[in-house]
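Below is one structure, written out as structure tokens; the observations come after it.
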Amino acid sequence: MNDSIATPDKAAPRYNFAAAEPRWQKAWDDRACFAVPDVPPADAAKYYVLEMFPYPSGKIHMGHVRNYTLGDVVARYKRARGHLVMHPMGWDAFGLPAENAARERGVHPAAWTYQNIANMRDELKRMGLSLEWAREFATCDPEYYGQQQKLLLDFFKAGLVERRESWVNWDPVDNTVLANEQVIDGRGWRSGAQVEKKKLSQWVLAITKYAPDLLEALGGLDRWPERVKLMQSNWIGRSEGARVRFALTAPVDGTADVEVFTTRPDTLFGMSFLAVAAEHPLATAAAARDAKAADFVAECRSMGTSEAVIEQAEKKGIDTGFRVKHPFTGEEFPVWIANFVLMEYGTGAIFGCPAHDQRDLEFARKYDLSVTPVVLPKDGDPATFAVGTEAFTEDGTAYNSGFLDGLDVASAKRAAIDALEKQGAGIGVVNWRLRDWGVSRQRYWGCPIPFIHCDDCGVVPVPDDQLPVRLPEDVDFSKPGNPLDHHPTWKHVGCPNCGKPARRETDTCDTFVDSSWYFARFCSPRADVPVIRDAVDGWLPVDQYIGGIEHAILHLLYSRFFTRAMSASGHLSLAEPFAGLFTQGMVQHESYKGADGRWLYPEEIDFSVTPEGARTATVKGGNEPVTIGRVEAMSKSKRNTVDPGAIIAKYGADTARWFILSDNPPERDMEWTESGVAGAYRFTQRVFRIVDDHRAGLPAPDAVCDPADPAGKALRRATHRAIKAVTEALETFAFNVAVARLYEFANAIEAAKEAPGAAMREALEILARLAAPMMPHLAEEAWHLLRPDAETLVAQLPWPDADPALLVAESVTLAIQVLGKLRATIEVPVGASEETIFAAAEAEENVQRAIAGKPIRKRIHVPGRVVNLVV
RNA sequence: GCCCGCCUGGCGGAAUGGUAGACGCAGCGGACUUAAAAUCCGCAGACCGCAAGGUCAUGCCGGUUCGAGUCCGGCGGCGGGCACCA
């Protein structure tokens with residue numbers, strides 16, 4: 001890549017973006033083009049565009065540029081279509097990185113965060129986004145998290161907040177709770193100590209109360225991507241099955257039986273063993289009696305809490321020595337502890353039927369447990385059917401199964417549940433994979449959970465008049481653990497109930513809580529209640545939400561839950577926060593390594609092309625060879641990042657926006673390339689030049705083009721086809737197609753040398769207006785050149801309409817196929833009869849050759865498209 | 001491991017089941033220029049052929065259809081998520 005190709009300072013550009021962009025940003029500001037009232041007027045067509053707000057890491061990255069450009073195109077387009085568009089921006093400002101910065105560099109999390117916000121706000125402003133900055137807030141503002149505390153207290157009253165024991169990753173050296181990402185290969189990232197699972201009393205939000213509704217309501221989200229709904233549906237994980245109680249042959253610690261959940265009660269006769277999770281009471285009991293079992297339970301604890309790690313670990317187990325009786329046959333089976341049984345799912349215990357479950361089969365083979373098939377495949381022979389290394393999991397006929405014999409799987413399930421219920425050994429149930437939402441974090445930089453612990457009164461909510469519970473500012477990060485817990489005075493308060501000395505809750509909220517209602521707060525960001533009803537009733541739901549696919553499950557599900565919980569506690573009256581959702585792909589870049597294997601930034605490298613056409617690279621200012629690596633997601637660790645600030649300074653915001661939209665469909669991962677940006681920059685200059693070159697001598701804006709002029713008509717056709725094509729592309733989020741249609745339109749304008757001035761003015765003005773959602777500054781500049789006296793900015797103009805009369809074609813090109821293979825194309829007038837078309841098609845020399853004298857058996861004509869002759 | 005996606009020229013991609021490769025990037029040839037940059041004009045999937053034209057081609061294998069990049073089944077590769085990163 002030759003870096004000098006389009007370097008602006010060498011290119012003698014005519015369009016000076018560096019001067020123009022701030023000027024138009026100020027013009028939009030001065031006229032308050034993007035401000036909307038807190039309560040939309042009843043007759044307004046409101047449209048709420050929201051992009052997922054950023055974590056203030058310090059600098060915007062290309063993922064932000066992509067996200068906010070996409071949203072801005074929608075916002076500007078919808079505004080032009082006559083909608084009252086709310087388009088706010090804020091900061092997801094609590095979280096671990098601020099605390100890490102405090103520990104590593106001694107900066108206070110608040111100072112670090114607000115400085116980052118200031119930097120990023122400046123960068124975002126330079127992008128020319130049509131945002132209403134007056135609504136800005138950060139989730140770490142006490143005015144925000146104080147209202148969040150109010151919500152939590154209201155949820156508590158509504159029975160949606162509970163205290164419950166749950167497992168965390170515990171670093172025994174640092175004496176601190178670790179996030180999953182802080183556990184690397186089973187060890188704490190700072191101490192290197194083997195991580196343990198530890199049980200803590202935690203705050204939990206009762207999302208499972210809404211599991212059925214969260215699942216069913218997915219069906220109504222018709223502007224959400226199917227795959228996101230599918231992922232959420234699988235996550236919620238409704239499954240029908242049975243709880244089955246197995247009696248222990250002898251009571252263990254006073255317990256007489258153990259309950260399992262199964263989706264396959266029809267395979268009960270194929271049982272081989274029962275397995276419990278390492279955290280199950282039976283496992284604890286076994287560990288107390290047997291050193292080997294205790295070792296195994298300890299080993300499972302050292303795996304941490306991450307489901308991905310647990311599921312990928314080698315499947316292992318140990319026999320507890322306890323035995324259970326089969327509810328139907330009375331036969332005895334061993335109870336094992338298995339590392340793949342999850343305590344959080346079902347009852348933390350399963351029965352193993354190896355013949356019909358792959359994981360059970362592998363476990364049974366490993367430990368030499370019995371494998372009895374009880375479902376016979378359709379064409380299977382009961383005498384010879386056996387299970388080898390593949391479990392049989394499809395439908396079939398029950399056999400070896402007593403009273404279930406002969407039934408298909410679905411009937412056998414029902415019959416088994418009936419029998420279990422009759423003898424009191426079990427019950428048919430619906431089970432959910434979704435777990436309640438643990439929101440407690442033992443950290444400083446988060447929203448304090450507003451409760452007080454009193455020895456006499458128990459857990460007492462902080463009274464409303466004492467909100468917000470503010471974070472103390474004088475905190476000590478020099479020792480590990482939660483600084484709120486260490487703080488000398490903060491947690492010591494009087495009980496609001498009895499006045500005796502009591503302790504504040506020192507846990508803070510999961511940051512997903514902060515982002516679960518910010519979209520509602522934007523409607524009335526300064527209110528002294530969480531939300532103002534008239535404002536949220538008027539603005540919600542968000543009409544178009546845009547963000548990364550990585551949030552497909554958690555953030556979106558939590559927000560859907562929060563919206564329901566806020567409705568249940570009287571703050572809202574809707575269930576679904578996001579009517580439309582668009583998930584964008586990631587931004588990627590090539591990665592580079594020096595001779596010694598160190599990662600290099602793109603700006604450290606010189607590129608050249610060998611005579612054979614291969615790209616090679618060296619380190620700038622030397623000949624050290626550089627290995628060009630894979631294209632992958634931009635990350636600081638691989639140094640394959642490009643700084644948006646530098647790009648905007650070099651090429652301007654419109655170029656960055658244009659390139660990021662043009663490269664590929666927005667839902668896919670895109671590759672950032674220097675040559676692509678350079679091409680986009682050239683186009684901005686070209687648009688300016690086209691307008692600048694033609695503007696002298698144009699007739700007045702109301703001039704009419706002579707309908708008899710063929711060049712004028714051709715250009716006007718191109719103009720109105722462009723309106724139609726760009727509009728359709730914007731409506732369907734096909735922004736790369738919209739860009740391509742604008743390139744074609746620009747090509748058509750330049751080709752229209754003979755077109756009369758009226759048609760040319762129309763074309764140039766439409767070009768500026770169609771490009772405006774994507775290149776808003778250049779559009780204003782072009783509009784200003786064309787209409788120096790105009791009072792109105794492009795940002796205030798309505799979207800142009802295509803004239804249908806100019807869209808109808810006079811003739812069409814038809815593809816002529818013989819047996820589905822293209823043999824010719826013919827041009828026919830619109831409305832030609834089928835007989836004429838078939839005759840013309842068969843008259844083609846090449847078609848005749850392909851037919852080769854054979855009789856035509858069938859003639860297919862798809863009007864305007866294709867003729868297919870079958871011989 | 002489980003759930004969900006994606007795969008089309010040298011590259012990014014376009015294509016209501018109907019002419020595969022629009023548009024752009026990179027490349028090549030030409031014009032302009034003392035020269036370069038910028039700009040403009042033109043060429044361009046692979047293979048065979050002087051040409052007309054033909055064959056192959058949308059990750060791989062199979063199916064449905066007059067016709068498949070598009071629909072269905074299987075396989076492979078790459079990516080997202082897996083509940084304390086945001």
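Keep in mind that the numbers below use all heavy atoms, side chains included, and drop hydrogens, waters and symmetry copies. Chain A is the first sequence line, chain B the second, and so forth, proteins listed ahead of strands; every chain is numbered from 1.
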Exercise. Please state whether the base of B:rC66 and the side chain of A:Asn868 form at least one donor-acceptor pair under 3.5 Å?
Key: yes
Quiz item: Hey, does the side-chain of A:Glu311 have a donor or acceptor N/O within less than 3.5 Å of a partner on the base of B:rC82?
Solution: no
Give one of base, sugar-phosphate or nothing for [X], where a contact means two heavy atoms less than 4.0 Å apart.
| X | result |
| --- | --- |
| A:Val862 | base |
| A:Ser515 | nothing |
| A:Val168 | base |
| A:His555 | nothing |
| A:Ala552 | nothing |
| A:Val177 | base |
| A:Phe683 | nothing |
| A:Trp437 | nothing |
| A:Ile310 | nothing |
| A:Arg689 | sugar-phosphate |
| A:Gln442 | base |

[N], OP1 or OP2 - any side-chain N/O from [X] closer than 4.0 Å?
| X | N | result |
| --- | --- | --- |
| A:Arg441 | B:rA83 | no |
| A:Asn736 | B:rG24 | no |
| A:Thr511 | B:rA86 | yes |
| A:Arg823 | B:rG54 | yes |
| A:Lys821 | B:rC56 | yes |
| A:Arg865 | B:rU16 | no |
| A:Asn747 | B:rC23 | no |
| A:Asn169 | B:rC84 | no |
| A:Arg668 | B:rA14 | yes |

[X] [atom1] to [N] [atom2]: how many Å, rounded?
| X | N | atom1 | atom2 | answer |
| --- | --- | --- | --- | --- |
| A:Glu744 | B:rG13 | CD | P | 18 Å |
| A:Asn664 | B:rC7 | CG | P | 11 Å |
| A:Glu550 | B:rC4 | CD | P | 19 Å |
| A:Gln232 | B:rC2 | CD | P | 22 Å |
| A:Leu869 | B:rU19 | CG | P | 15 Å |
| A:Ile860 | B:rU19 | CD1 | P | 14 Å |
| A:Phe94 | B:rA86 | CZ | C1' | 15 Å |
| A:Glu181 | B:rA86 | CD | C1' | 9 Å |

Give me the distance, rounded to whole Å, that separates [N] from [M] when you measure between the [atom1] atoms they each carry.
| N | M | atom1 | answer |
| --- | --- | --- | --- |
| B:rG18 | B:rU65 | C1' | 12 Å |
| B:rC28 | B:rA37 | P | 12 Å |
| B:rG10 | B:rG81 | C1' | 34 Å |
| B:rG45 | B:rU19 | C1' | 16 Å |
| B:rG62 | B:rG9 | C1' | 26 Å |
| B:rC84 | B:rG13 | C1' | 40 Å |
| B:rA86 | B:rC40 | P | 49 Å |
| B:rC2 | B:rA83 | C1' | 14 Å |

Self-check item: For the student: nearest non-hydrogen atoms of A:Phe561 and A:Ala206, plus distance
Solution: CE1-O, 3.9 Å
Self-check item: Nearest atoms (heavy-atom pairs only) where A:Thr813 meets A:Thr825
Solution: CG2-CB, 3.9 Å
Exercise. Would you mind telling me which residue lines up with the more 5' stretch of RNA chain B, A:Arg435 or A:Pro54, judged by nearest nucleotide?
Key: A:Arg435
Quiz item: For A:Pro863 and A:Ala308, take the nucleotide of RNA chain B holding the closest heavy atom to each; which residue's nucleotide lies nearer the 5' end?
Solution: A:Pro863
Tell which nucleotide pairs with [N], taking only Watson-Crick or G-U wobble pairs whose two distances are both under 3.5 angstrom.
| N | value |
| --- | --- |
| B:rG79 | B:rC4 |
| B:rA15 | none |
| B:rG49 | none |
| B:rG27 | B:rC43 |

Quiz item: Would you call A:Glu834 and A:Arg859 a salt bridge, taking side-chain N to carboxylate O under 4.0 Å as the test?
Solution: no
[X] and [Y]: side-chain donor and acceptor closer than 3.5 Å?
| X | Y | value |
| --- | --- | --- |
| A:Glu505 | A:Trp203 | yes |
| A:Arg103 | A:Asn100 | no |
| A:Gln442 | A:Asp485 | no |
| A:Asp654 | A:Thr684 | no |

Closest to the [X] side chain: [options]?
| X | options | answer |
| --- | --- | --- |
| A:Gln202 | B:rC84, B:rC40, B:rA14 | B:rC84 |
| A:Pro665 | B:rU19, B:rA14, B:rC85 | B:rA14 |
| A:Val737 | B:rA86, B:rC84, B:rA14 | B:rA14 |
| A:Arg227 | B:rC82, B:rG5, B:rG81 | B:rG5 |
| A:Arg686 | B:rG79, B:rU39, B:rC40 | B:rC40 |
| A:Ala179 | B:rU19, B:rC84, B:rC25 | B:rC84 |

If you define the side chain from C-beta out and look only at heavy atoms, does anything of [X] sit under 4.5 Å from [Y]?
| X | Y | value |
| --- | --- | --- |
| A:Arg857 | A:Val870 | yes |
| A:Tyr558 | A:Ser515 | no |
| A:Tyr145 | A:Phe94 | yes |

Practice problem: Quick one: classify the glycosidic conformation of B:rG9 as syn or anti, with syn meaning within 90° of 0. | Solution: syn
